[in-house]
Amino acid sequence: MSDPSKSICRKLDALYAAGKLDRVEEYLLTELIKNQPRNGEFSASFITVLFELGVYFRNIKKYSRSRDWFLLLGRVVSCHLGETSVAYAAVLENVASTYELAGNFDPALHLFMQALQIYKGAKGPRPIRYARLKRHICALFGAQGDFHAALIFYPLLPGMAAEEGHVSGTGACREAGRPKISKVLLFRCKE
């Protein structure tokens, strides 16, 4: 028997590939009903559908609907896996990204910071998302002109150190797709 989550994703991929965006919402809502957990059980396919609904609405720029689906996903993940789980941190990141795209930077930063703390406290090796999130927070502070706060989150790459009052290695923020910000950070740090 195949995994229902994989089946959902395959069907979604087919709808997107065929350009049938008008059918995505209908399909996901149908799958949401079909995969709704019974008796409080954990359902990976239900979580998949909630996640995909959040992504879908974010992609079509309906940010409040996206946020609502991600918040519902957060409640489900919190109930089953806890608010200190890496999965919950990933949900917070998605809600924060939605706020950021909608231009609501303060709630976005708050949620990004909350996710960062969860990743920092994760048992075992830190998730790769930790470093990526630090770069993202760095870039977000930089985009708002808060260069001192950005420097706190500027991830030094292995073997690099702060030199002569500035941070070496502009690659970290550039990898986040924001080369202007990394140049501005270096300029501001030298002042």
For I8 and Y27, work out which heavy atoms get closest and say how close. CA-OH, 3.4 Å

Between NZ on residue K62 and CG on residue D68, distance to nearest 0.5 Å: 13.0 Å

Measure from the side-chain N and O atoms of S66 to the backbone N and O of G54, and report whether any donor-acceptor pair falls under 3.5 Å. yes

Given the rule that I, L, V, M, F, W and Y join up when any side-chain heavy atoms are under 4.5 Å apart, are L133 and V55 in one cluster? no

If you define the side chain from C-beta out and look only at heavy atoms, does anything of I47 sit under 4.5 Å from F42? yes

Begin from the C-alpha positions of L12 and Y16 and carry the test side-chain contact (heavy atoms from CB on, under 4.5 Å) through to its verdict. CA-CA 6 Å; L12 271 177; Y16 284 124; 4.2 Å; yes

Same apolar cluster: Y88 and V86, side chain cutoff 4.5 Å: no

Using atom types as modelled and distance alone, determine if a side-chain donor or acceptor of D146 lies under 3.5 Å from a backbone N or O of A149. yes

If you compare all heavy atoms of G82 against all heavy atoms of S85, which two are closest, and at what distance to 0.1 Å? O-OG, 2.9 Å

If you round to the nearest 0.5 Å, how far is CD of E26 from NZ of K20? 11.5 Å

Rounded at 0.5 Å granularity, tell me how far CG in L32 sits from OG in S45. 10.0 Å

Smallest heavy-atom separation, Y119 atom then A89 atom, equals CE2-CB, 3.5 Å

If the condition is side-chain hydrogen bond (donor to acceptor under 3.5 Å, both in side chains), which residues does K6 pass it with, not counting sequence neighbours? none

CG/L116 to CD/Q114 distance, rounded to the nearest 0.5 angstrom? 11.0 Å

Just to verify, what does E25 make a side-chain hydrogen bond (donor to acceptor under 3.5 Å, both in side chains) with, not counting sequence neighbours? R65

Measuring from atom CG of L109 to atom CG of N104, what distance do you get when rounded to the nearest 0.5 angstrom? 11.5 Å

L28 CG to L50 CG distance, which is reported to the nearest 0.5 Å: 10.0 Å

Is there a continuous path of hydrophobic side-chain contacts, each under 4.5 Å between heavy atoms, that joins Y130 to L81? no

Smallest separation among heavy atoms of A108 and E100, with atom names: CB-N, 3.8 Å

Here the pair of heavy atoms bringing R67 nearest to Y99 is CD-OH, 3.2 Å

What I'd like to find out is whether the side chain of F70 reaches to under 4.5 Å of the side chain of L73, using heavy atoms alone. yes

Residues T84 and I118: closest non-hydrogen pair is O-CG2, 3.4 Å

Carboxylate-amine/guanidinium contact K34 E31, below 4.0 Å: yes

ring-ring contact (aromatic ring centres under 6.0 Å, His included) involving Y63 - partner list, sequence neighbours excluded: none

Among L92, V91, N94, whose side-chain contact (heavy atoms from CB on, under 4.5 Å) with L111 holds? L92

Hydrophobic cluster identity match, Y56 and L101, side-chain contacts under 4.5 Å: no

Can you label the angle between the F57 ring and the W69 ring as parallel, tilted or perpendicular, going by 30° and 60°? parallel

Between R132 and E93, does at least one N-O distance fall below 4.0 Å, as a salt bridge requires? yes

